[in-house]
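For the numbers below, each heavy atom of this structure counts, side chains included, while hydrogens, waters and symmetry mates do not. Residue numbers begin at 1 in each chain, while the letters A, B, ... track the order of the sequences. All values reported here derive from a predicted model rather than from experimental measurement.
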Protein chains: 2
Amino acid sequence: MAETKPLDSRDGMRFLGQVRRGNVFEETLGQLLRAMRLGVFPPGEKLPAERELAEALGVSRATLRDSLAELQSAGYLQVQRGRYGGTVVAAHPNTHENPLDDSDRARIEDVLAFRSVVEPAAAELAAGASLTATQRNNLMLAHEAVNSADATNYRPLDARLHVMIADLSASSMLAKAVAEARDATSELLDRIPFLKPNIAHSSRQHEDILNAILHGDGASAKKLMQEHLDGTATLLRGFLD
Amino acid sequence: MAETKPLDSRDGMRFLGQVRRGNVFEETLGQLLRAMRLGVFPPGEKLPAERELAEALGVSRATLRDSLAELQSAGYLQVQRGRYGGTVVAAHPNTHENPLDDSDRARIEDVLAFRSVVEPAAAELAAGASLTATQRNNLMLAHEAVNSADATNYRPLDARLHVMIADLSASSMLAKAVAEARDATSELLDRIPFLKPNIAHSSRQHEDILNAILHGDGASAKKLMQEHLDGTATLLRGFLD
DNA sequence: ATCTAATGGACTGAAATCAGTCCTTTGCAT
DNA sequence: ATGCAAAGGACTGATTTCAGTCCATTAGAT
């Protein structure tokens, strides 16, 4: 057996991966908030039935209901009973408490670096994939949804489009990474004021990216996505100066 | 409020993220195995004390001990009591049951695609970082450990080197992604026979990559890492033909 | 007007998990 | 030799979480 130097093994424990970050109730709450940020459950849409959602989250219905009750009383959800009832996602109550400050600098650079690795690559691979008619159509629907969004529901729909693009990349690991990057970005963006003019610009960029993907032009898709991300990067960085 | 089309929202639930994948005991077991695959706890080294490890994993000591007992009786760990005692990682019992077959094709491509997005980028960013003397030294130590490894402990030490490189990239999200990619790769490689000649070649490539990083040559680091990965890719793909 | 089925609401007892405490073993320092 | 401190081993009672069951409400179907 070869020698194995300890190195900074205590520090390497960073890559352990916690089994539980808190109690199940809190983690469930977190996953639901994340799903809403990512547009998995866009504003105005119904959540899956509790029994279904509980199973998807790997959690008992009782615990899920505790979390849902919390979100409901915080104004994120509206519940209606009876057949064809359900739990509806309200517009994201965009509270700008806890604004970004200089202590967030490292986190911002972390997220931006990760994003610009993972998203352009996903766009490039998506362009390389041969898409079904349904997939193309879904892309366009998602894009239109972003276009007709207002300030209260823009971010989740935007996130959904980006994740949807990554999901075409034939690598589920990459798609998952993009979802994580997007979520982290949304968390940061939720802490700065919403700027109106950016939307029109973003929309044009989305259109260019989608065109490149639909035409199978991977190089362009990658480049355009990179530029698209640069906008957000400048926005976030600029907010600290 | 703008219209929000359902799309394939049921399918989009893929990005929910389970709170729990099984019971805590099983998840703990999985995290420990993963840590061993990644060289977080290399063969021959002691695990942290139970009380410490339990806290790092976010799990009670009782549950951790259940998992450790399982790993011990499976031959992964050896326990010694008393002061200066501890739990030592045994050589990975490399069982080649459950070899790769054609049904793993999609998974393989998934992992390889993700890897070749995330690892070269991490190497490039690592080259851009200004490293401390300790960091440089740790890199060299990790490299030497890989060199003097034998078939029974090669993979974890190799993985550790790769994760260590990614950890220099100034993006903890990227480092985490590389760890995930590496672990997925190791899981696949553990299912094919170990080939001796590859080691020497890999070692040379590692050396070139480290040189590029230490000299701040990001472009070369990226390119060399890409080539390094191509070797594994060919190996895995070739095993299916 | 009634029935039906799908939904959220509520409760219970069982099982898993935890936090805390104390015991046992061991090698080094004295 | 002896004591100490750090490690694993073992137990207990409290808490969380679960699976299962039944209730209440509702809109459409009949």
Nearest-angstrom distance from the residue atom CD of A/Glu27 to C1' of D/dC18: 16 Å
Distance, rounded to the nearest Å, where B/Gln72 contributes CD and D/dG8 contributes P: 11 Å
Spacing of A/Arg83 atom CZ relative to D/dT30 atom P, expressed in whole Å: 10 Å
Pairs meeting criterion salt bridge (Lys or Arg N to Asp or Glu O under 4.0 Å) with involvement of residues 64-91 of chain A, two or more places apart: A/Glu50-A/Arg65
Note: B/Asp102-B/Arg105 ion pair, threshold 4.0 Å (strictly below): yes
Any donor-acceptor N or O pair under 3.5 Å, side chains B/His206, B/Asn147: no
Test: A/Arg182 and A/Glu119 ion pair at under 4.0 Å: yes
Nucleotide D/dA7, atom C1' - distance to CG of B/Leu68 in whole Å: 13 Å
Length of the line joining A/Leu53:CG and D/dC18:P, which is rounded to integer Å: 13 Å
Residues B/Arg37 and B/Asp190 bridged, charged N to O under 4.0 Å: no
Electrostatic pair B/Arg61:B/Glu55 at N-O distance under 4.0 angstrom: no
Under 3.5 Å donor-acceptor pair, A/Arg81 side-chain atoms to C/dT7 base atoms: no
Interatomic distance, A/Leu77 CG vs C/dG8 C1' [rounded to whole Å]: 13 Å
Residues touching DNA chain D, which here means a heavy atom under 4.0 Å, drawn from residues 56-64 of chain B: B/Arg61
Nucleotide nearest B/Arg51 when distance is taken to its side chain, options D/dC18, C/dC22, C/dC18: C/dC22
Under 4.0 angstrom between A/Arg20 side-chain N/O and C/dA16 OP1 or OP2: no
C/dG9 phosphate, OP1 or OP2, under 4.0 Å from A/Arg65 side-chain N/O: yes
With A/Val79 via side-chain contact (heavy atoms from CB on, under 4.5 Å) - residues at least two apart: A/Gln72, A/Thr87
Interatomic distance where CD belongs to B/Glu50 and P belongs to C/dC18 [whole Å]: 14 Å
B/Gln80 CD to D/dG9 P, straight-line distance once rounded to whole Å: 11 Å
